[in-house]
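Counting starts at 1 for both ligands and their atoms, in listed order.
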Amino acid sequence: MESALQLHSYAVDLSCSRCGEKYEINSPHNYAACCEKPLVVNYSMNNGFDKKMLIGREQSMWRYTEMLPLMDEKNKVSLGEGMTPILPVNSYSQKFGFDQLFVKDEGLNPTGSFKSRGMSMAISKAKEYGVTECVVPTAGNAGGAMSAYCAAAGMKSTVIMPRHTPKPFQDECRLFGSELLLVDGLIDKCGELAVSIQKETGAFNMSTLKEPYRLEGKKTMGYEIAEQMNWGLPDVIVYPTGGGTGLIGIWKAFQEMIALGWIDGSHLPRMVVVQSLNCSPMVHYVNGNEAHESYGESKANGLAVPKAFGKDLIKQVVQESNGSAIAVSEENLLKTAQELSRAEGISFSPEGGATMAGLLELTALGVISKKEKILLINTGNASKYMDHFL
Ligand SMILES: Cc1ncc(COP(=O)(O)O)c(C=O)c1O
Ligand SMILES: [Zn+2]
């Protein structure tokens, strides 16, 4: 249980991720109006927050509360998200000869994916600002997560999802009492409708990186990776990328922990973006190839993001970390998710399967060595995708 102590956030303000212009933190913002780019939260770093202070704290992402932007704990909306396990990938390591292969199993979060982290933080912050109604465009999992956290916060919620999204994703939103709107097209089309609803009703728009706090929730994956690996980071992190919030968040956490003196900045992980060949704009962008406009659906629906608002931040993370970006086929990512689940007893979503499929391709290319310490992020479990398996 958490101590009764009222903990204090060291968040000070927000800034534009392109030009650095400052924005105050005491009222709700979407993105940076100056450059139409994502806003990021800044913290005062000489704050005396020592990693030893984590001992005995609650087993959720809120153990890093000083480095989260919530000012008053009474606004916290938590369903027990975070502190998901890092597990060895045993059978596949033997089969393919990996020395140190691990997976962070984000499928064990309250709504079955890492989206719970972002929404716990963003809905808590919305509550702090007095927001009573939220709207979100989603590829699936973020909608379910927002629905759950809005239910917990007593807020009205509207979720906009591509019509082809498997039924369990839709049912989850209805279960938690959201209004669900289905749109022909991908998440970018859903985003257009979200903007009109925001204008018409005044609902707060929770669109990926068009508000600054989901990123702060997702960055806790980075803090946990460091803490759970005893402050010795992996050599490589493989991340299934859609809008890129998790990837950007993990990297932000590493920068913050360097500033806090918690980790050694001289050996940070190489960050690897994996997408589906059906929708791989970030792989094209990062690798400096011309992106085309014909991006389609993916059975790994979280990866079907044709236009990532945070694309420059994604590219920056891959470049700064000396990482890479690769696209895998639909058939490969689905087959790998299924085979991995069977081999390991861990429920892998198609997005999680994509990380292993991408890793195998990158080891074949010699970009990653099988001797390295490698961490896959299984961003969700398989339960909502069962129609694609068996
Ligand atoms: C299971 C899963 N994996 C990965 C992603 C992509 O996440 P991000 O926006 O952090 O790139 C999503 C987003 O919908 C998802 O649901
Ligand atoms: Zn700017």
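- Under a 4.0 Å heavy-atom criterion, G244 is in contact with ligand 1.
- Between atom 13 (C) of ligand 1 and the options R214, M221, K115, M282, the minimum heavy-atom separation is to K115.
- Separation of atoms NZ (K370) and OG1 (T363) is listed at 5.0 Å; rounding is to 0.5 Å.
- Set against the non-hydrogen atoms of G242, the atoms of ligand 1 under 4.0 Å away are 6 (C), 8 (P), 11 (O).
- Residue pairs meeting the salt bridge (Lys or Arg N to Asp or Glu O under 4.0 Å) criterion with at least one partner in residues 108-131, sequence neighbours excluded, are E106-R117, R117-E224, K125-E128.
- Distances below 4.0 Å separate heavy atoms of Y385 from the following atoms of ligand 1: 1 (C).
- Atoms of ligand 1 lying under 4.0 Å from at least one heavy atom of N141, given by number and element, are 1 (C), 15 (C), 16 (O).
- For the side-chain contact (heavy atoms from CB on, under 4.5 Å) test with V238, the passing option among L101, V273, L375, V274 is V274; the others fail.
- By the side chain to side chain donor-acceptor pair (under 3.5 Å) test, K210 is found to be paired with no residue, residues two or more places apart in sequence or in another chain being considered.
- Scanning all protein heavy atoms for the shortest distance to atom 2 (C) of ligand 1 gives T379 OG1, 3.4 Å.
- Under the 3.5 Å distance criterion, the side-chain polar atoms of N278 are matched with a main-chain donor or acceptor of E297.
- Between the Y23 side chain and the L14 main chain, no donor and acceptor come within less than 3.5 Å of each other.
- Set against the non-hydrogen atoms of T241, the atoms of ligand 1 under 4.0 Å away are 11 (O).
- Under a 4.0 Å criterion applied to the non-hydrogen atoms of T245, ligand 1 contributes the atoms 8 (P), 9 (O), 10 (O), 11 (O).
- Not close to ligand 1: S113, with no non-hydrogen atom less than 4.0 angstrom away.
- At least one donor-acceptor pair closer than 3.5 Å links the side chain of Q275 to the backbone N or O of M282.
- Annotation: atom 7 (O) of ligand 1 to nearest protein heavy atom, F114 CZ, 3.2 Å.
- Not a single heavy atom of F169 sits less than 4.0 Å from an atom of ligand 1.
- The Zn ion (ligand 2) lies at the vertex of an angle of 110° between the SG atom of C19 and the SG atom of C16 (rounded to 10°).
- Around the CD atom of E320, the shell of radius 6.0 Å holds more than 12 heavy atoms that belong to other residues, nucleotides or ligands.
- No N or O atom of L247 sits closer than 3.5 Å to an N or O atom of ligand 1.
- Here the side chains of T111 and N141 are not in contact, with every heavy-atom distance at 4.5 Å or above.
- Checked options K373, R270, H267; the residue passing with D235 is H267 (criterion: side-chain hydrogen bond (donor to acceptor under 3.5 Å, both in side chains)).
- Within ligand 1, counting atoms from 1 as listed, the ones closer than 4.0 Å to a heavy atom of P240 are 4 (C), 6 (C).
- For K104, the NZ atom sits in a packed shell: over 12 heavy atoms of surrounding residues, nucleotides or ligands are nearer than 6.0 Å.
- At least one heavy atom of K218 sits closer than 4.0 Å to an atom of ligand 1.
- Atoms of ligand 1 lying under 4.0 Å from any heavy atom of G246, numbered from 1 in the order shown and given with element: 10 (O).
- Set against the non-hydrogen atoms of Y239, the atoms of ligand 1 under 4.0 Å away are 7 (O), 8 (P), 10 (O), 11 (O).
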